[in-house]
Each structure stands twice: as structure tokens, then as C-alpha cells.
Amino acid sequence: MTNNNQRNQRNQRNQQNQQNQQNNKNNQNNPFANEEFGSETDVQQVKQQNQKAEAKKQQASGQRANRYGDQTK
């Protein structure tokens, strides 16, 4: 009985090895196979980037920028 168990275990290991080798070949052919489709967004980081962009935009525009609407009233 132990010979049968050992043989079954050996066959299972061989099958797993073959499957692993096939998976490795597939992953080598497809460089994106291990990447997730999407990634999580850090909301705080996006808010900080938006604030920095707005500050740079206002700085680049100068002091009188975006005041045209107020002067026409």
C-alpha cells in the first residue's frame, strides 16, 4: 500500500511541476501577466497634487490674473 501512496504522491508532484513550468512559460510570453489590471488610487496624494498644480498656476499667472471678471461689473 505504501508503494501506491508513494507513486501517487510522486505523480502529483510531477503534475504540479509540469503545471508550474507551463505557467512560467506563459508568464514569460506575456510580460503583463503578473500585473494587476488596476491599482488603488491614493486620494490624499491626488488632492495634494491638485493643490500644488493650482498654486503653480496662480503663481505663473501673476497677481492680476483671473480678476477680469470682477472688473467688468
Looking at residues at least two apart in the chain, or sitting in another chain, which of them share a side chain to side chain contact (heavy atoms under 4.5 Å, CB included) with V43?
->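 Testing V43 for side chain to side chain contact (heavy atoms under 4.5 Å, CB included), a comparison that skips the adjacent residues, returns K47.
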So, do K57 and E54 sit near enough that their side-chain heavy atoms are less than 4.5 Å apart?
->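 Touching, per the 4.5 Å side-chain cut-off.
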Side-chain donor-acceptor contacts of residues 9-16 below 3.5 Å, not counting sequence neighbours, with atom names and distances?
| unit_1 | atom_1 | unit_2 | atom_2 | d |
| --- | --- | --- | --- | --- |
| N11 | ND2 | R7 | O | 3.4 |
| N14 | ND2 | R10 | O | 3.4 |

